[in-house]
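A quick note: this is a predicted structure, and the numbers were derived from the prediction, not measured. Computed over heavy atoms, backbone and side chain alike; hydrogens, waters and symmetry mates excluded. Chain letters run A, B, ... following the sequence lines, proteins first, then strands; residues in each count from 1.
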Amino acid sequence: MKNTIQLPVVTPKGVFLAHYSEQGLVELNFPDGGNHHASRLTREGETQRRPALPAPMLQWHQTTTEALHAVLAGRAAKALPPLDWTGKTEFQQSVWRELLKLGPGNTRSYGEIAAAIGRPKAVRAVGGACGANPIPVLVPCHRVLAANKKLGGFSGGLGWKRRLLGREGVMRNA
DNA sequence: GACAGATGAAGGA
DNA sequence: TCCTTCATCTGTC
């Protein structure tokens with residue numbers, strides 16, 4: 001695992017933590033620590049803070065912040081920073097790329113995502129790829145529902161999934 | 001190589 | 001409807 005720089009992203013919903021490598025955004029952690037990737041990284045001390053940040057990174061962080069605010073408000077992100085998926089499998093990346101095509105209020109089932117990437121039977125694997133998504137919210141794995149329109153699961157916790165979908169008008173009582 | 005998993009579909013109560 | 005069971009595919013250890 002490469003070293004990353006972590007920067008806080010202050011939102012009305014709490015302070016997210018963004019991790020950047022030299023290639024782009026590597027990971028995004030929920031405020032409540034619901035993202036298991038975050039706790040692991042922090043424990044292992046694989047991240048570090050640096051006083052002087054490269055200019056591109058500051059630009060990415062600003063883009064990330066704006067995108068996060070937009071998504072949390074139920075709007076589409078105008079732009080996303082470069083996403084660093086190095087080390088991830090081709091299958092996972094294809095699933096995440098498909099998720100990036102989904103706009104606010106636009107949901108798909110795990111089966112539909114599987115079919116969209118040309119592997120209609122790999123529905124369970126799509127669930128696994130969603131769970132392995134290090135950049136939730138920006139890579140909208142919360143917009144993937146089970147076939148029966150149930151929530152399914154969410155790495156950041158089902159509460160977040162309900163909240164995000166509620167903001168986008170997908171779920172009532174959210 | 002074995003096992004687990006954020007599923008989906010089918011069958012039965 | 002709801003629940004249970006099984007098939008399927010991929011990632012991880």
Side-chain angles (χ1 to χ4, degrees), chain A residues 1-4 9 11 13-14 16-19 21 23-47 64 67-68 70-72 74 76-77 80 83-174:
Chain A
M1 172 70 81
K2 62 200 141 206
N3 286 332
T4 59
V9 183
T11 76
K13 303 289 184 186
F16 287 71
L17 202 55
H19 298 242
S21 72
Q23 278 73 47
L25 180 61
V26 176
E27 192 175 316
L28 187 65
N29 302 331
F30 283 94
D32 57 8
N35 189 315
H36 57 278
H37 301 289
S39 53
R40 191 189 66 229
L41 279 177
T42 305
R43 263 203 315 277
E44 295 178 358
E46 292 177 359
T47 59
T64 300
L68 201 51
V71 175
L72 290 177
L80 291 177
L83 306 179
D84 183 2
W85 286 336
T86 49
K88 304 300 181 182
T89 67
E90 187 57 41
F91 177 82
Q92 290 174 332
Q93 292 185 35
S94 59
V95 170
W96 300 337
R97 271 194 294 270
E98 198 59 37
L99 296 183
L100 287 174
K101 297 178 185 175
L102 300 180
N106 202 351
T107 61
R108 291 284 185 280
S109 70
Y110 292 98
E112 286 172 328
I113 294 295
I117 62 174
R119 297 166 186 264
K121 292 182 178 178
V123 287
R124 297 202 66 157
V126 168
C130 290
N133 173 21
I135 312 175
V137 183
L138 296 189
V139 178
C141 50
H142 61 278
R143 292 180 189 140
V144 186
L145 303 175
N148 52 12
K149 295 298 177 185
K150 287 182 180 175
L151 273 182
F154 192 56
S155 58
L158 285 179
W160 273 104
K161 189 167 186 173
R162 275 197 209 93
R163 226 177 297 174
L164 290 166
L165 291 175
R167 264 297 184 182
E168 296 177 6
V170 175
M171 293 187 67
R172 294 179 182 179
N173 310 322

Find the distance between [atom1] ([X]) and [atom2] ([Y]) and round it off to the nearest 0.5 Å.
X       : Y       : atom1 : atom2 : answer
R162(A) : F154(A) : CZ    : CZ    : 12.0 Å
I117(A) : F91(A)  : CD1   : CZ    : 4.0 Å
R167(A) : H142(A) : CZ    : NE2   : 12.5 Å
L17(A)  : E27(A)  : CG    : CD    : 8.5 Å
L25(A)  : T4(A)   : CG    : OG1   : 10.0 Å
L145(A) : K161(A) : CG    : NZ    : 5.5 Å

Quiz prompt | Involving DNA chain B, stems made of at least three consecutive Watson-Crick or G-U pairs, both distances under 3.5 Å | solution =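 Stem segments, range with range: B:1-5 with C:9-13, B:7-13 with C:1-7.
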Quiz item: When you check the gap from the basic side-chain N to the acidic O, do E98(A) and R108(A) get nearer than 4.0 Å?
Solution: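 Salt bridge between E98(A) and R108(A), a charged N being under 4.0 Å from a carboxylate O: no.
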Quiz item: What one-letter contact string describes nucleotides 5-13 of chain C from 5' to 3', where B marks a base within less than 4.0 Å of any protein heavy atom, S marks contact via sugar-phosphate atoms alone, and - marks no contact?
Solution: --BBSSSS-
Exercise. Return the residues of residues 109-117 of chain A meeting this criterion: a heavy atom under 4.0 Å from some atom of DNA chain B. Order them by number, or give none.
Key: S109(A), Y110(A), G111(A)
Once you round it to whole Å, what is the distance between [atom2] of [N] and [atom1] of [X]?
X       : N      : atom1 : atom2 : value
K149(A) : dT7(B) : NZ    : P     : 15 Å
L165(A) : dA6(B) : CG    : P     : 18 Å
K150(A) : dC3(C) : NZ    : C1'   : 10 Å
L164(A) : dA6(B) : CG    : C1'   : 15 Å

Exercise. For side chain to side chain contact (heavy atoms under 4.5 Å, CB included), just list the numbers for L164(A) and L72(A), CA-CA rounded to whole Å, side-chain angles, deciding distance to a tenth of an Å, and then say yes or no.
Key: CA-CA 6 Å; L164(A) 290 166; L72(A) 290 177; 3.6 Å; yes
Quiz item: Between the main-chain N or O of A129(A) and the side-chain N or O of W96(A), is there a donor-acceptor pair closer than 3.5 Å?
Solution: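 Checked: pair present.
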Quiz item: Between F16(A) and F30(A), what is the ring plane arrangement, given parallel below 30°, perpendicular above 60°, and tilted in between?
Solution: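 Ring orientation, 0 to 90° scale: tilted.
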